[in-house]
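Structure first, commentary second.
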2 protein chains.
Amino acid sequence: MAGMKSSSLSAMHENKVISFEAIRIACRNCNLSTLCLPLGLTPEDVERLDTIVRRSRPLHRGDYLFHSGDRFRSLFVVKTGSVKTFAPSPEGGEQVLGFHLPGEIIGLDAIEHDAHSCSAKVLETTAICEVPFSRFEELSVTIPSLQHQMYRLLSKEIAQETEMLLLLGKKSAEDRLATFLLSLSHRLQKRGLSPTDFYLSMSRHEIGNYLGLAVETVSRLFTRFHEERLLVVDRKHVRLTDLDALEAMVQATPLEDCRRRLP
Amino acid sequence: MAGMKSSSLSAMHENKVISFEAIRIACRNCNLSTLCLPLGLTPEDVERLDTIVRRSRPLHRGDYLFHSGDRFRSLFVVKTGSVKTFAPSPEGGEQVLGFHLPGEIIGLDAIEHDAHSCSAKVLETTAICEVPFSRFEELSVTIPSLQHQMYRLLSKEIAQETEMLLLLGKKSAEDRLATFLLSLSHRLQKRGLSPTDFYLSMSRHEIGNYLGLAVETVSRLFTRFHEERLLVVDRKHVRLTDLDALEAMVQATPLEDCRRRLP
DNA sequence: CCCTTTGCTTGATCCTAATCAACTTAAATT
DNA sequence: AATTTAAGTTGATTAGGATCAAGCAAAGGG
């Protein structure tokens with residue numbers, strides 16, 4: 001009822017004024033602009049981008065952004081909250097593909113097939129910016145720096161998945177969880193949040209699934225890390241008390257091939 | 001010294017006329033155009049793209065396209081032959097990230113950091129098209145369909161790596177090798193080659209490294225697949241004698257979570 | 001051609017993390 | 001508050017694949 005541009009979707013729950021207003025910030029005022037599509041654009045071009053962005057009211061835990069198989073129409077950017085993407089298998093199982101924090105773009109894998117090959121599910125109350133892709137492409141043809149940024153973001157996604165391949169291909173369970181926690185830490189820090197003190201919006205089951213480990217293993221590792229004074233964990237809340245040790249654990253990848261040239 | 005456009009690099013070994021001429025085919029005559037950057041472009045635009053493509057003389061086994069850490073200047077497209085990319089680790093080990101066949105683009109992960117995060121090494125005599133990226137970007141600003149195709153190719157790379165994550169995250173050694181062989185089979189078929197009869201340009205060690213398995217495991221699996229009449233293998237030569245059985249093996253992913261709603 | 005090197009295969013043993021099972025705690029529903 | 005359900009932890013056992021060890025075959029080099 002407030003603004004005249006009440007966006008595409010119907011606006012109920014208008015009693016949640018505070019959070020709803022908070023998410024309707026335009027790109028130009030958004031603190032994520034250094035991570036997101038507007039990076040490198042002139043203020044004028046940011047305005048043009050802004051006109052095609054759709055901002056819905058907040059989604060809640062369990063809501064879907066899209067399902068595997070859906071026609072690809074838009075990219076989705078997390079504004080606040082978090083989202084998991086996963087590949088559902090016919091038998092009801094799933095493979096978690098990623099957890100997405102504010103500023104991260106979801107749906108980049110769908111451009112080629114014009115259909116989503118994974119599903120995206122909201123982990124907590126979350127605000128999303130929707131970017132209709134056909135309109136985006138029209139725009140990026142006329143804004144070279146937007147095209148450049150899009151190439152960079154796509155490339156970044158590839159580089160990140162490569163990191164993940166490295167992790168799953170070679171490393172131990174311990175390394176995997178350490179890397180996961182450090183990844184969260186770094187990403188939260190970039191967003192101006194505490195790199196040592198945060199809540200996990202995903203379950204142990206989802207962490208394990210993501211890292212290719214059983215729930216039990218994840219649980220045991222949390223216990224062990226706790227015992228080793230690397231962190232304090234209580235339910236979903238984690239406090240990393242020895243970032244250096246975690247980093248060292250990951251660095252010290254005792255990769256093979258160190259004995260090949262002996263006798 | 002036949003042609004007048006003797007390309008950027010010096011042209012020695014002109015006695016290798018046949019193969020050298022073969023690789024100097026322009027984009028418009030290249031049979032890979034349905035897989036590569038020219039897809040969807042007008043003949044006129046293909047010509048424009050062609051002017052920025054550099055075609056060197058053939059590279060040989062062990063040659064590098066680039067090293068990890070090199071400044072990013074160009075994308076590389078395999079024209080004939082094959083290339084492996086890998087992340088070298090300080091201790092001398094490496095993680096193989098991919099094997100690249102004709103029409104596949106290498107270097108997409110480097111756009112963001114403006115530096116290569118992996119190395120690319122030629123597995124057999126190989127012809128490469130080099131696409132200077134800054135010139136490519138200039139061009140793709142003026143050719144919407146080229147921008148579109150680049151988005152698609154980047155997206156495809158992301159989707160492929162996602163597939164790989166799924167493989168490494170959940171599947172057994174058997175599944176991994178079967179998936180690997182089928183992937184090769186499909187990709188060769190798309191290129192007009194036999195999907196059942198081919199040579200592996202990479203070693204067992206490299207296959208194992210890529211799939212997150214020990215060499216010994218790969219060797220044992222080849223033996224087992226042979227015993228099960230799924231393939232005939234002799235050294236580097238493979239003939240897949242039961243594609244359906246291999247497909248079935250991969251499909252029948254007995255993913256967990258089938259017992260959760262019982263007692 | 002012999003000799004070394006490199007790549008591959010096969011067998012034996014070990015170890016990490018999965019699986020199975022039981023129990024605890026927290027959250028949701030009544 | 002009582003009951004149910006879901007999530008997490010801990011222990012015991014097992015299995016799949018890594019590692020260790022040895023031998024063989026092909027390729028390369030003098």
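A note on names: the letters A, B, ... follow the listed sequences, proteins ahead of strands, and every chain is numbered from 1.
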Using a cutoff of under 3.5 Å, can you pull out all pairs of nitrogen or oxygen atoms linking the protein to nucleotides 28-30 of chain D, with atom names and distances?
none

> Reckon B:Gly212 touches a base, only the sugar-phosphate, or nothing at all at heavy-atom distances under 4.0 Å?
Replying inline: sugar-phosphate
> Using rotation axes that map the C1' atoms of four end pairs onto the next four (five pairs an end), what angle separates the end axes of the helix from C:dC1-D:dG30 to C:dT30-D:dA1, to 10°?
Replying inline: 50°
> How would you list, by chain and number, every residue that makes a side chain to side chain donor-acceptor pair (under 3.5 Å) with B:Ser201, sequence neighbours excluded?
Replying inline: B:Ser82
> Which residues satisfy the salt bridge (charged side-chain N to carboxylate O under 4.0 Å, His left out) test with B:Glu130, sequence neighbours excluded?
Replying inline: B:Arg54
> Residues from residues 218-233 of chain B sitting under 4.0 Å of DNA chain C, heavy atoms only?
Replying inline: B:Ser219, B:Arg220, B:Thr223
> When you match A:Val215 and B:Ser203 each to their closest nucleotide on DNA chain C, which lands nearer the 5' end?
Replying inline: B:Ser203
> Atom NZ of B:Lys171 and atom C1' of C:dA17: how far apart are they, to the nearest Å?
Replying inline: 20 Å
>> Once salt bridge (charged side-chain N to carboxylate O under 4.0 Å, His left out) is applied, do any residues pair with B:Glu163, and if so which ones, sequence neighbours excluded?
In response: none
> Which residues satisfy the side chain to side chain donor-acceptor pair (under 3.5 Å) test with A:Ser117, sequence neighbours excluded?
Replying inline: A:Asp109
> CG of B:Leu213 versus C1' of C:dC8: gap in Å, rounded?
Replying inline: 16 Å
> What's the CZ-C1' distance between B:Arg176 and D:dG16, to the nearest Å?
Replying inline: 11 Å
>> Could you tell me if the side chain of B:Lys121 sits less than 4.5 Å from the side chain of B:Asp63, heavy atoms only?
In response: no
> What residues form a side chain to side chain contact (heavy atoms under 4.5 Å, CB included) with B:Lys190, not counting sequence neighbours?
Replying inline: B:Leu35
> Base, sugar-phosphate, or nothing for B:Ala173, non-hydrogen atoms under 4.0 angstrom?
Replying inline: sugar-phosphate
> Taking only residues two or more places apart in sequence or in another chain, which ones pass side chain to side chain donor-acceptor pair (under 3.5 Å) with A:Glu228?
Replying inline: none
> Roughly, in whole Å, what's the span from NE2 in B:His205 to P in C:dT6?
Replying inline: 13 Å
> With A:Glu104, which residues qualify under salt bridge (charged side-chain N to carboxylate O under 4.0 Å, His left out), at least two apart?
Replying inline: A:Arg187, A:Arg191
> Can you check the B:Glu216 CD to C:dT13 P distance for me, whole Å?
Replying inline: 16 Å
> Between A:Arg204 and A:Glu216, is there a side-chain N and carboxylate O pair less than 4.0 Å apart?
Replying inline: no
>> Using the side chain to side chain contact (heavy atoms under 4.5 Å, CB included) criterion, which residues pair with B:Asn31? Sequence neighbours excluded.
In response: none
> Between C:dA27 atom C1' and A:Lys236 atom NZ, what is the distance in whole Å?
Replying inline: 11 Å
>> Suppose we screen for salt bridge (charged side-chain N to carboxylate O under 4.0 Å, His left out). Which residues come up paired with B:Glu206, at least two apart in sequence or across chains?
In response: B:Lys84
> A:Arg235 has an atom CZ; how far is it from atom P of D:dG8, in whole Å?
Replying inline: 5 Å
> Atom CZ of A:Arg204 to atom P of C:dT25: distance rounded to whole Å?
Replying inline: 15 Å
